[in-house]
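Working notes, beginning with the structure itself.
Computed from a predicted structure; not experimentally measured. Letters A, B, ... mirror the listed sequences (proteins, then strands); counts begin at 1.
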Amino acid sequence: AQSVAQPEDQVNVAEGNPLTVKCTYSVSGNPYLFWYVQYPNRGLQFLLKYITGDNLVKGSYGFEAEFNKSQTSFHLKKPSALVSDSALYFCAVRDPSGTYKYIFGTGTRLKVLA
Amino acid sequence: EAQVTQNPRYLITVTGKKLTVTCSQNMNHEYMSWYRQDPGLGLRQIYYSMNVEVTDKGDVPEGYKVSRKEKRNFPLILESPSPNQTSLYFCASSPTLRGDTYNEQFFGPGTRLTVL
C-alpha cells in the first residue's frame with residue numbers, strides 16, 4: 001500500500017538555526033511529492049513539490065527539499081529558521097499507481113524558539 | 001480573488017440528521033477533493049473528482065457522498081452522520097495538465113463538524 005511517514009510529531013529548533021522536517025514515502029512507481037504548511041485556524045498552503053528533474057527543489061518562504069530516491073525520502077529544510085515558521089507541516093504524495101489519490105503524512109509540528 | 005470557499009465553517013449536529021457541506025472554487029480547476037483532518041492521523045482523502053460527473057473514492061469514503069454537477073462546486077454529503085465523523089474537513093482544488101494532477105492543491109478554510 002502507498003504510504004507517507006513523518007516520523008517526528010514535533011521538531012523544536014532555535015531561531016536562526018537550520019531546520020529539517022523529515023518525510024519518507026512508500027509507493028510503487030515515480031512519486032509526485034509535496035510539502036504543505038498549516039498555520040493555526042487556517043487551511044493548508046502549498047510550499048513546494050517534486051515532480052521530476054533536479055532533486056533539490058526550492059519553494060516558498062526560503063524552504064527547500066531534497067528528493068532522495070534511494071532512501072525514499074523528501075525532507076524539508078531551511079537554512080535559518082524564523083519564529084514565524086512555527087506551524088504544522090504536511091508531506092504528501094500523489095499515488096502514481098494510476099489513481100489520482102493523494103496520501104498525506106500525519107504532520108510535524110515545528111516550533112521555532114526565540 | 002482566487003479562492004476555495006466552504007460553508008458552513010462550523011456545524012454542530014446530531015446523529016442521523018443529513019447535512020451538506022458546500023465547496024466552491026473560482027479558479028476553473030478540474031480537480032477537486034475532500035479531506036478530513038484528525039489529530040494524529042493527518043489528512044485523509046475522502047473523495048476526489050477529476051472533472052464534472054467524474055468522482056472517485058479516496059481512502060476513507062464510508063459514510064460520505066459527493067457530486068460534481070458543475071465544475072466550480074463539489075458538495076460533501078453526510079446522509080446519516082455519526083459521532084465518528086466529528087472532524088475538521090477541507091475542500092481543495094487544483095488544475096490538471098494534460099489530464100494529470102501534479103499541480104499543487106488550493107485549500108479552503110475548513111469546516112469544523114461536531115456530531116453529537
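If you measure heavy-atom distances from B:Phe106 to chain A, you find no contacts under 4.5 Å at all. A:Lys49 touches chain B through its side chain: at least one heavy atom from C-beta onward sits under 4.5 Å away, while N, CA, C and O do not. Interface remark: A:Arg42 contributes backbone atoms only to the contact with chain B (heavy atom separation under 4.5 Å). Residue contact with chain B, scored on non-hydrogen atoms closer than 4.5 Å, involves the side chain of A:Gln38 exclusively. Using a 4.5 Å cut-off between heavy atoms, A:Leu47 does not touch chain B at all. Neither the backbone nor the side chain of B:Gln6 comes within contact range of chain A, judged by heavy atoms closer than 4.5 Å. For B:Asn103, the parts sitting under 4.5 Å from any heavy atom of chain A are the backbone and the side chain alike.
Counting only distance, with no hydrogens or angles, the side chain of A:Tyr36 and the backbone of B:Phe107 share no donor-acceptor pair below 3.5 Å. Not one N or O on the side chain of B:Tyr48 forms a donor-acceptor pair closer than 3.5 Å with the backbone of A:Tyr102.
There is a path of hydrophobic side-chain contacts, each under 4.5 Å, that joins A:Val93 to A:Trp35. Using a 4.5 Å cut-off between side-chain heavy atoms of Ile, Leu, Val, Met, Phe, Trp and Tyr, with links allowed through other members, B:Val60 and B:Tyr47 fall into the same hydrophobic cluster. The hydrophobic clustering, which links ILVMFWY residues whose side-chain heavy atoms are closer than 4.5 Å, places B:Tyr64 and B:Phe90 apart. Both A:Tyr50 and A:Tyr25 belong to a single network of hydrophobic side chains, linked directly or stepwise wherever heavy atoms of I, L, V, M, F, W or Y lie under 4.5 Å apart. Cluster membership check: B:Val4 does not share its hydrophobic cluster with B:Val52, using side-chain heavy-atom separations under 4.5 Å among Ile, Leu, Val, Met, Phe, Trp and Tyr.
Interatomic distance, A:Thr99 OG1 to B:Met50 CE, rounded to the nearest 0.5 Å: 10.0 Å.
Heavy-atom contacts from other residues, nucleotides or ligands closer than 6.0 Å to NZ of B:Lys71 number more than 12. Heavy-atom neighbours of A:Asn30 CG from other residues, nucleotides or ligands within 6.0 Å: at or below the threshold of 12. Annotation for B:Arg44: atom CZ counts as buried by contact number, over 12 foreign heavy atoms lying within 6.0 Å. Under a cut-off of 6.0 angstrom, the local environment of CG in A:Leu56 is crowded, with over 12 non-hydrogen atoms contributed by other residues, nucleotides or ligands.
Residue with the most contacts toward chain B among A:Phe90, A:Tyr100, A:Phe46: A:Tyr100 (heavy-atom pairs, distance under 4.5 Å).
The two residues A:Leu44 and B:Leu43 make their nearest non-hydrogen contact at CD2-CD2, 4.0 Å.
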Note to self: Using the rule given for ring-ring contact (aromatic ring centres under 6.0 Å, His included), can you reason through A:Phe104 versus B:Tyr35, listing the C-alpha separation, both sets of side-chain angles and the distance that settles it, and then say yes or no?
What the structure shows: CA-CA 10 Å; A:Phe104 279 74; B:Tyr35 298 89; 5.2 Å; yes

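The shortest distance between side-chain heavy atoms of A:Leu88 and B:Gln37 falls below 4.5 Å.
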